[in-house]
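Here's the structure, in structure tokens; my notes come after.
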Amino acid sequence: MKNDLPAGAGEAADALATPAIEFQDVSLRFISQDGQATVALRNFSMAVARGEFVAIVGPTGCGKSTTLNMITGLLKPTVGTVKVMGKPVTGIDPRIGFVFQADAVFPWRNVEDNVAAGPLFRGKPKKEAMAMAQDWIDRVGLGKFGKHYPHQLSGGMRKRVGLAQTFINQPEILLMDEPFSALDMQTRTIMQDELLQLWGGTGGSVVFITHDLEEAIALADRVFVLSARPGTLKRVYEIDMPRPRVMSEVRYEPRFVELSKHIWDDLKN
Ligand SMILES: Nc1ncnc2c1ncn2[C@@H]1O[C@H](COP(=O)(O)OP(=O)(O)OP(=O)(O)O)[C@@H](O)[C@H]1O
């Protein structure tokens, strides 16, 4: 049979079909200095598709941050394999971006210089890096604050700098560890909306860690629920709500209420 695909199209399609992140039956055990073993995660499997938004929820100490640290290569599984774009993780991967609970801004640099840091580090000429930074500063609504230093900004504004700092590098994978948990409810809702707007259309995959089941349902395509330590995968929930989602409204939608109730009922049993 004649193959009408252009040269290389098959491999490109295969690459897109490969999950962005894959955990295959992963367990991780920490051994402390006095020889005590702590099993942080047990028999965990997860595949995150390209462009998918996955949330991981679970009680404190169940291994959520540990999963992210294995994606970055900071921790190695004791058993099993973690793959990024189809290849086992070997070290720091420039395709991965992070946003954590603590601000990762440099206090001695103004907003422009903070946001331009990534492209400059990757070798972009200064003029180009500053123009890119300005564009991202505008996108996160900080157009008038480019010359401000982090201590002159509110917590929400610093978080916006963090998002601009991360998105400017166009990560194919974005890892977020309770990024908004230190913010008040209203700022948190605004930041969730901004995150969805920035992420929409990038084609990147997100792994978002939170204690807050409602936040997970509102944001994600799928929610992975872990059990208490040693963390094991309790269940995966498909969040079949259409996008775009507006965070201040999504919580009142009948499907959201139904899903929340279903998941809570499930978790109680
Ligand atoms: N370097 C380490 N050495 C020993 N034990 C560790 C180490 N790092 C984490 N742990 C333990 O592994 C378990 C999982 O930790 P992890 O930080 O992944 O949990 P978490 O689900 O992210 O918790 P939280 O919701 O409180 O942030 C915890 O019991 C923790 O104490």
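Remember, it's a predicted structure, so these values are computed and weren't measured experimentally. Order of listing sets the numbers, starting from 1, for every ligand and every atom in it.
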Please determine whether a side-chain nitrogen of the Lys or Arg among Arg245 and Glu253 lies less than 4.0 Å from a carboxylate oxygen of the Asp or Glu.
no

Are the charged groups of Asp266 and Lys234 less than 4.0 angstrom apart, N to O?
no

With distance as the sole criterion, is a donor-acceptor pair present between the side chains of Thr210 and Asp212 under 3.5 Å?
no

Non-hydrogen atoms of Phe106 and Pro150 that approach each other most closely:
O-CG, 3.5 Å

With a 4.0 Å heavy-atom cut-off, what residues sit around ligand 1?
Phe30, Ala40, Pro59, Thr60, Gly61, Cys62, Gly63, Lys64, Ser65, Thr66, Glu178, His211, Arg229

Checking Asp93 against Lys87 for the salt bridge (charged side-chain N to carboxylate O under 4.0 Å, His left out) test, could you report, in this order, the C-alpha distance in whole Å, the side-chain angles of both residues, the deciding distance, and whether it holds?
CA-CA 11 Å; Asp93 189 325; Lys87 301 224 167 64; over 6 Å; no

Charged N-O contact under 4.0 Å between Arg222 and Glu52:
yes

